[in-house]
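Letters A, B, ... are given to chains in the order of the sequence lines, protein chains preceding strands, and every chain is numbered from 1.
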Amino acid sequence: MNNTNKDDNLENNQDFIREIISKDLSDGKYKRIITRFPPEPNGYMHIGHAKSAFVNFSIASENNGKCNLRFDDTNPSKEEEEFIHAFQNDLKWLGFDYGNKVHYSSDYFDQLYSYAVKLIEMRLAYVCDLNQDEIREYRGTLTTKGKNSPYRDRTIEENLDLFEQMKNGKFKNGTRVLRAKIDMSSGNLNLRDPVIYRIMNIIHHRTGDKWCIYPTYDFAHGQSDSLEKITHSICTVEFEDHRPLYNWFIDKLNIYPSRQIEFARLNISGTMMSKRQLSELVLSNMVNGWDDPRMPTISGMRRRGYPSEAILDFCKRTSITKRTNLVDLSLLEHCVRENLNKSAYRVMAVLNPIKVVIKNYSNDSFEEIDALNNPEDPAMGSRKVPFSREIYIEREDFAEIPPPKFHRLTIGKEVRLRYAYIVKCVDVIKDEKGEVIEIHCEYDENSRGGKPADGRKVRGTIHWVSALKSSRAEIRIYDKLISEKEFDEENSDNMELNPNSIKVLKNCPIEISLENASEGIHYQFERLGYYILDSQDTKSGSLVFNRTVSLRDSWAKKSSFNLK
RNA sequence: UGGGGAUUGGUCUAGUGGUAGGACAACAGACUCUGGAUCUGUAAGCCGAGGUUCGAAUCCUCGAUCCCCAGCCA
């Protein structure tokens with residue numbers, strides 16, 4: 001019984017946010033939980049967003065509540081329609097249900113404007129004529145207090161009039177702002193009379209030219225939460241010191257009290273998660289668009305072949321805390337492999353081919369060998385793979401002078417060609433430089449299917465592709481985007497990609513059944529890794545495969561011989 | 001004497017005064033027609049110093065280190 005309890009506890013482990021919510025529910029504070037996922041449409045959705053969406057959507061659904069998708073579109077200078085569509089597409093692909101209503105902060109521009117007027121009327125906001133530099137000067141520094149703006153004590157009437165003129169486009173960009181009147185001596189800089197409306201003569205993607213003043217994040221986010229009756233507004237820790245401001249507006253405006261709760265953002269080794277850096281990669285063409293398979297974007301991962309279930313599983317495994325973290329990429333890859341191992345079709349392809357001639361096999365014929373589509377799941381059936389006198393194998397699978405414990409092909413030794421025959425290497429042919437260019441073997445005709453008739457053990461099994469009857473493909477191998485473990489956010493000189501982040505192999509022999517490969521199907525190239533057809537660059541007759549992730553390779557690690 | 005947050009094996013995390021547990025990574029072995037998968041095992045941790053207590057990762061005190069904040073970005 002103790003054991004049972006212990007197991008239950010382990011499974012029901014609650015993070016601190018779920019604890020808060022459970023308590024709020026049991027205290028009767030709320031009847032129904034409403035969360036929100038509030039991306040700014042200024043880039044594509046990435047795995048960090050996915051984590052946040054996962055937290056918000058799953059907490060809502062666990063409690064029979066709902067989660068609103070809300071685009072935080074208060075800054076028309078950065079936001080674009082394209083990103084809104086892309087986000088919705090990615091969200092759907094991941095399986096998040098945001099119902100049929102999409103919310104926008106811009107839905108509340110009218111309401112927000114009247115909140116601002118209300119604040120002015122309460123003497124809690126004022127129009128400030130200081131320019132940007134002056135505002136910064138007056139704000140003080142981290143260790144010194146700020147001082148009051150000379151415009152802080154304008155009359156309500158004057159403020160109302162000026163604010164209306166701001167709205168009516170009477171002033172140029174940057175000449176005036178509306179500020180909340182709080183406390184210029186606060187230790188929290190967010191409370192030193194924060195700007196809540198700024199003049200921007202820019203067309204908004206949804207409201208067009210209706211507005212030339214736009215609310216800032218601080219003035220829009222909390223009130224939008226409140227208007228949607230969001231019970232728990234979950235965001236990342238860098239907003240922690242905005243919370244007093246968030247609460248200040250709710251309090252002064254006397255509106256529905258949403259509660260902001262912060263948790264640490266997700267970081268993954270070998271990649272970067274900042275929207276700024278990611279868009280820089282795209283804009284500078286350092287990568288090939290937002291859906292470049294090396295990108296940590298959802299569209300990049302999809303194109304690379306990461307299944308949505310694996311991404312969700314990863315989000316679930318990286319739990320919710322406030323600590324700064326750097327999750328090892330290997331956890332994500334583990335989730336991907338675990339998912340794909342069960343579902344991917346096995347096929348054979350050779351990345352670095354060398355020709356093998358089977359001297360005692362008839363020259364002019366080929367035969368069809370049965371091969372399992374997935375040994376993990378016999379229900380996935382089998383297929384025919386053509387076998388012939390000339391085949392390709394992986395260069396790494398042959399060694400003239402084998403290192404210790406080498407279970408592959410070497411002169412005088414036997415190896416099994418997967419699903420086909422046992423072959424023994426009898427000779428090699430070298431070029432002028434002494435490099436092996438062709439391997440000569442003899443096959444055991446009584447080992448069809450890979451089973452020697454006399455039952456002898458053959459330790460090594462290698463993959464192969466018929467030279468007579470096969471196809472060709474371009475294969476793209478990816479590695480981590482950046483080589484440094486972490487790198488400086490602000491220093492863009494540091495934006496150096498891992499030079500090996502992509503490797504393109506052309507004209508690789510692949511099993512002929514792959515000519516019918518279709519988009520979105522996951523394949524395991526046996527002994528190599530998981531691959532998927534590239535959705536952008538595959539044309540009929542010219543196949544391009546992306547490596548999703550390699551198979552774990554305990555030999556490569558062990559063997560200094562094989563180190564690349 | 002600015003404000004806010006955090007600190008458990010290499011990494012992520014559980015623990016809420018009573019044997020520090022899990023996952024990833026690593027290592028060793030078993031098994032195997034994928035050196036895959038699977039299985040078994042090994043190593044590895046409470047930031048530090050005091051205190052309270054029969055007993056402290058947990059409570060108290062002092063200290064250390066790291067992260068965030070000086071956008072009219074979010």
Side-chain angles (χ1 to χ4, degrees), chain A residues 6 9-10 13 15 38-40 42 72 74-75 77-79 128 130-132 135-137 139-146 173-179 185-192 194-200 213-214 216-218 220-221 235-244 262 264 269 275-276 317-335 337-338 341-342 346 348 372 375-376 405-408 416-420 422 449-452 457-463 524-529 550-559 562:
Chain A
K6 200 173 179 185
N9 285 340
L10 284 176
N13 259 337
D15 54 79
E40 183 191 13
N42 66 346
D72 215 343
T74 57
N75 186 347
S77 71
K78 301 195 166 191
E79 294 146 9
C128 183
L130 258 24
N131 66 33
Q132 205 158 338
I135 286 183
R136 190 182 312 120
E137 259 180 65
R139 184 158 39 225
T141 71
L142 291 178
T143 51
T144 61
K145 295 178 175 182
N173 286 350
T175 53
R176 281 183 170 86
V177 291
L178 185 70
R179 294 228 249 169
S185 67
S186 172
N188 181 348
L189 304 218
N190 294 119
L191 264 19
R192 319 242 263 228
V195 170
I196 61 178
Y197 260 96
R198 70 290 216 198
I199 300 171
M200 279 202 247
I213 57 171
Y214 294 95
T216 57
Y217 166 84
D218 284 310
H221 201 95
C235 64
T236 49
V237 287
E238 57 271 29
F239 292 102
E240 209 146 21
D241 49 17
H242 289 244
R243 184 167 11 111
E262 312 84 12
S269 64
K275 290 186 286 184
R276 209 203 92 238
R317 291 190 195 219
T318 56
S319 78
I320 304 167
T321 67
K322 299 185 80 156
R323 306 179 196 139
T324 307
N325 61 76
L326 184 64
V327 177
D328 203 307
L329 219 210
S330 67
L331 181 63
L332 212 205
E333 295 187 333
H334 169 80
C335 294
R337 289 192 185 103
E338 191 173 65
N341 177 47
K342 284 177 271 175
R346 269 61 172 176
M348 292 193 284
L372 255 25
E376 296 279 318
K405 294 186 178 166
F406 186 78
H407 304 311
R408 306 178 184 185
R416 174 174 19 245
L417 298 175
R418 173 134 245 226
Y419 294 123
I422 309 296
K451 290 182 278 289
K457 290 273 180 225
V458 175
R459 179 70 192 264
T461 299
I462 62 174
H463 60 277
Q524 184 196 96
F525 291 0
E526 292 219 31
R527 303 209 303 136
L528 296 173
S550 70
L551 248 29
R552 288 184 72 224
D553 187 352
S554 53
W555 169 248
K557 275 186 295 199
K558 218 178 286 190
S559 154
N562 221 14

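No contact: A:Lys145 has no heavy atom under 4.0 Å from any strand. Nucleic acid contact for A:Glu40: sugar-phosphate only, since backbone atoms but no base atoms lie under 4.0 Å from a heavy atom of the residue. Using a 4.0 Å heavy-atom criterion, one finds that A:Phe239 contacts the bases of the nucleic acid, with or without backbone contacts as well. Heavy atoms of A:Arg136 sit under 4.0 angstrom from primed sugar atoms or phosphate atoms, though from no base atom. Among the heavy atoms of the strands lying under 4.0 Å from A:Asn131 is at least one base atom, whether or not backbone atoms are also near. If you check every strand for non-hydrogen atoms under 4.0 Å, A:Val177 touches a base. Base contact: A:Tyr419 has a heavy atom under 4.0 Å from a base atom. As judged by a 4.0 angstrom heavy-atom cut-off over every strand, A:Pro375 is placed among the base-contacting residues. Residue contacts for A:Thr141: at a heavy-atom cut-off of 4.0 Å it reaches a base atom on one of the strands shown. Here A:Glu240 lies in heavy-atom contact (under 4.0 Å) with sugar-phosphate atoms only. Residue A:Leu329 is out of contact with every strand shown, counting any heavy-atom pair closer than 4.0 Å. Residue contacts for A:Ile135: at a heavy-atom cut-off of 4.0 Å it reaches a base atom on one of the strands shown.
Of the listed nucleotides (B:C69, B:U34, B:A74), B:C69 has the atom at the smallest distance from the side chain of A:Leu142. Between B:G35, B:A25, B:C69, one nucleotide has an atom nearer to the side chain of A:Phe406 than all others, and that is B:G35. The listed nucleotides are B:G35, B:A37, B:A14; the one nearest the side chain of A:Arg323 is B:A14. Here B:U13 is the nucleotide among B:A74, B:U13, B:G35 with the atom lying nearest to any side-chain atom of A:Asn325. Listed nucleotides B:C72, B:U11, B:A23 differ in distance to A:Leu331; the shortest reach to its side chain belongs to B:A23. Minimum atom distance to the side chain of A:Lys557 is reached by B:C27, of the listed B:G5, B:A37, B:C27. Minimum atom distance to the side chain of A:Leu189 is reached by B:C69, of the listed B:C69, B:G5, B:U34. For A:Arg346, whose side chain is taken as the heavy atoms from C-beta onward, the closest listed nucleotide among B:C67, B:U34, B:A74 is B:U34.
Residue side chain A:Arg408 reaches the base of B:G35 through a donor-acceptor N/O pair under 3.5 Å, judged by distance alone. Counting atom types as modelled, A:Glu238 pairs no side-chain N or O with a base atom of B:G5 as donor and acceptor under 3.5 Å. A:Arg317 contributes no side-chain N or O that forms a donor-acceptor pair with the base of B:U13 under 3.5 Å. A donor and an acceptor atom never sit less than 3.5 Å apart when one is taken from the side chain of A:Asn188 and the other from the base of B:G4. With hydrogens and angles ignored, no donor-acceptor pair closer than 3.5 Å exists between the side chain of A:Arg552 and the base of B:U34.
Using the Watson-Crick or G-U wobble rule with both distances under 3.5 Å, B:U32 pairs with nothing in any strand shown. Pairing of B:A26, defined by two Watson-Crick or G-U wobble distances under 3.5 Å, is identified with B:U42. Under the Watson-Crick or G-U wobble criterion, with both distances below 3.5 Å, B:C73 is left unpaired in every strand shown. With both pairing distances under 3.5 Å, B:A64 is matched to B:U7 as a Watson-Crick or G-U wobble pair.
A:Lys78 has no carboxylate O lying under 4.0 Å from a charged side-chain N of A:Glu40, or vice versa, which leaves the two without a salt bridge. No salt bridge links A:Glu137 with A:Arg192; every basic N to acidic carboxylate O contact stays at or beyond 4.0 Å.
Contact between the side-chain N/O atoms of A:His463 and the OP1/OP2 oxygens of B:U34 is not found at any separation under 4.0 Å. Using a 4.0 Å cut-off, no side-chain N or O of A:Lys342 falls inside it from OP1 or OP2 of B:A37. At the phosphate of B:C73, neither OP1 nor OP2 sits under 4.0 Å from any side-chain N or O atom of A:Arg276. Contact check, A:Thr321 against B:C12: no side-chain N or O comes under 4.0 Å of OP1 or OP2. For A:Arg459, no side-chain nitrogen or oxygen approaches OP1 or OP2 of B:C31 to under 4.0 Å. OP1 or OP2 of B:G35 has not a single side-chain nitrogen or oxygen of A:Arg418 nearer than 4.0 Å. Taking side-chain N and O atoms only, A:Thr74 has no distance below 4.0 Å to OP1 or OP2 of B:C73. Put simply, A:Arg139 has a side-chain N or O that comes within less than 4.0 Å of OP1 or OP2 on B:C72.
Here the side chain of A:Arg176 pairs no donor or acceptor atom with the backbone of A:Asn131 at under 3.5 angstrom. A donor-acceptor pair is defined here as one N or O able to donate and one able to accept, closer than 3.5 Å; such a pair exists between the side chain of A:Asn188 and the backbone of A:Asp241. For A:Arg408 (side chain) and A:Ile462 (main-chain N/O), no donor-acceptor pair under 3.5 Å exists by modelled atom type. Judged by distance alone, the side chain of A:Thr216 and the main-chain N or O of A:Val195 form a donor-acceptor pair under 3.5 Å.
Heavy-atom distances to RNA chain B give each of A:Ser319 and A:Leu528 a nearest nucleotide, and the one nearer the 5′ end belongs to A:Ser319. Mapping A:Gly187 and A:Gly450 onto RNA chain B by nearest heavy atom places A:Gly187 at the nucleotide closer to the 5' end.
The same atom, C1', is picked in B:G35 and in B:A28; the two are 15 Å apart, to the nearest Å. B:A44 and B:U53: their C1' atoms are spaced 30 Å apart (whole Å). The gap from the P atom of B:G5 to that of B:A23 amounts to 34 Å, rounded to the nearest Å.
Straight-line distance from the CG atom of A:Asp328 to the C1' atom of B:A44: 16 Å, rounded to whole Å. When rounded to the nearest whole Å, the span between CD of A:Glu262 and P of B:C69 equals 14 Å. Atom pair A:Asp553:CG and B:G35:P shows a separation of 9 Å (rounding to whole Å applied). A:Leu178 places its CG atom 13 Å from the P atom of B:C72, with the value rounded to the nearest Å. When rounded to the nearest whole Å, the span between NE2 of A:His334 and C1' of B:G36 equals 14 Å. In this structure, A:Gln524 atom CD and B:U34 atom C1' are separated by 7 Å, rounded to whole Å. Look at CG on A:Asp218: it is 14 Å from P on B:C69, rounded to the nearest Å. At whole-Å resolution of the value, OH in A:Tyr217 and P in B:G71 are 17 Å apart.
Note: A:Phe239 and A:His242 have perpendicular aromatic rings, judged against thresholds of 30 and 60 degrees for the angle between ring planes.
For B:G55, the O4'-C1' to base torsion is more than 90° from 0; the nucleotide is therefore anti.
The ring of A:Trp555 lies on top of the base of B:G35, close enough and flat enough: under 5.5 Å between centres, under 30° between planes.
Considering only heavy atoms from C-beta on, A:Arg346 comes within 4.5 Å of A:Glu376 through its side chain.
The residue from A:Arg527, A:Glu526, A:Arg418 that alone fulfils the side-chain hydrogen bond (donor to acceptor under 3.5 Å, both in side chains) condition with A:His463 is A:Arg527.
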Applying salt bridge (charged side-chain N to carboxylate O under 4.0 Å, His left out) to A:Glu338 and A:Arg317, what does each step give before you reach the verdict? CA-CA 13 Å; A:Glu338 191 173 65; A:Arg317 291 190 195 219; 3.0 Å; yes
